[in-house]
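Take a look at the structure below.
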Amino acid sequence: MKAVYPGSFDPATNGHLDILTRAARVFDTVLVTVARNPAKTPLFTMDERMAMLQVATAGLPNIEVHSFDGLLIEFVQVHGAQVIVKGLRAMSDFENEFQMALMNKKLEPTVETMFMMTANAHSYLSSSVVKELARLGGCVTGLVPDVVEEQLKIRFAEEYGGRKKG
Ligand code: PNS
């Protein structure tokens, strides 16, 4: 069975990697797909986010990294997947995820959305919190894959250097 794990992944955290690793044990193939979300201004480009996911998932043979622009359900249909996998943290995730799952069900009744509870250790993690921490010089070791930590350091060093020059 083929599943799609969508998200902004700006950048991927160890919470995302935990869901991906567990999904890869359940499904034959998992397409992790990076969304262009017009409502958000990303820190990393689509290509950068995909490249980091490629490195972070290199040890998981049944994971493919993709991107999409537009409706998620169309990506799912085009790739012949049967399931959308989502991670759920606290109650704050629930309302939005519930609404999206129902809308996707209305658009394509044969596709199921399945939720995985995030591991306790990652329940407080989000890409936004990680970016804020890194931007302010905090340590993100253990919160994100090594490749993401490196890229965050580079990005914020550039930003800081740029500001100093300006
Ligand atoms: O990591 P995020 O930002 O929470 O991911 C949300 C995402 C991109 C998976 C979600 O917004 C999405 O599926 N967007 C695509 C547009 C779509 O199909 N929306 C749902 C039906 S209207």
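Remember, it's 1-based here, ligands and their atoms both numbered in the order they're listed.
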| said: Tell me whether the rings of Phe98 and Phe94 are parallel (<30°), tilted (30 to 60°) or perpendicular (>60°). | reply: parallel
| message | Give me the residue, atom name and distance of the protein heavy atom closest to atom 4 (O) of ligand 1. | response | Lys40 NZ, 4.2 Å
| Which of these, Lys106, Met100, Glu97, has its nearest heavy atom closest to atom 11 (O) of ligand 1? | Met100
| said: Checking Asp10 now: which residues fulfil side-chain hydrogen bond (donor to acceptor under 3.5 Å, both in side chains) with it, not counting sequence neighbours? | reply: Lys131
| request: Flag Ser8 as yes when one of its N or O atoms lies below 3.5 Å from any N or O atom of ligand 1, and as no otherwise. | output: yes
| field | Nearest non-hydrogen protein atom, atom 18 (O) of ligand 1 | value | Leu72 N, 2.9 Å
| Nearest protein heavy atom to atom 22 (S) of ligand 1, by residue and atom, and its distance? | Met103 CG, 3.8 Å
| query | Has Ala39 got any heavy atom lying under 4.0 angstrom from an atom of ligand 1? | reply | no
| What protein heavy atom sits nearest atom 14 (N) of ligand 1, and how far off is it? | Phe68 CZ, 4.3 Å
| message | Using heavy-atom distances only, which candidate in Ser126, Gly70, Ser127 approaches atom 16 (C) of ligand 1 most closely? | response | Gly70
| field | Point-to-point distance, once rounded to the nearest 0.5 Å, from CE of Met117 to CD1 of Ile19 | value | 9.0 Å
| So, for atom 8 (C) of ligand 1, does the protein have a heavy atom nearer than 4.0 Å? | yes
| query | By side chain to side chain contact (heavy atoms under 4.5 Å, CB included), which residues pair with Pro6, not counting sequence neighbours? | reply | Val4, Thr33, Phe68, Leu72, Ile84, Lys86
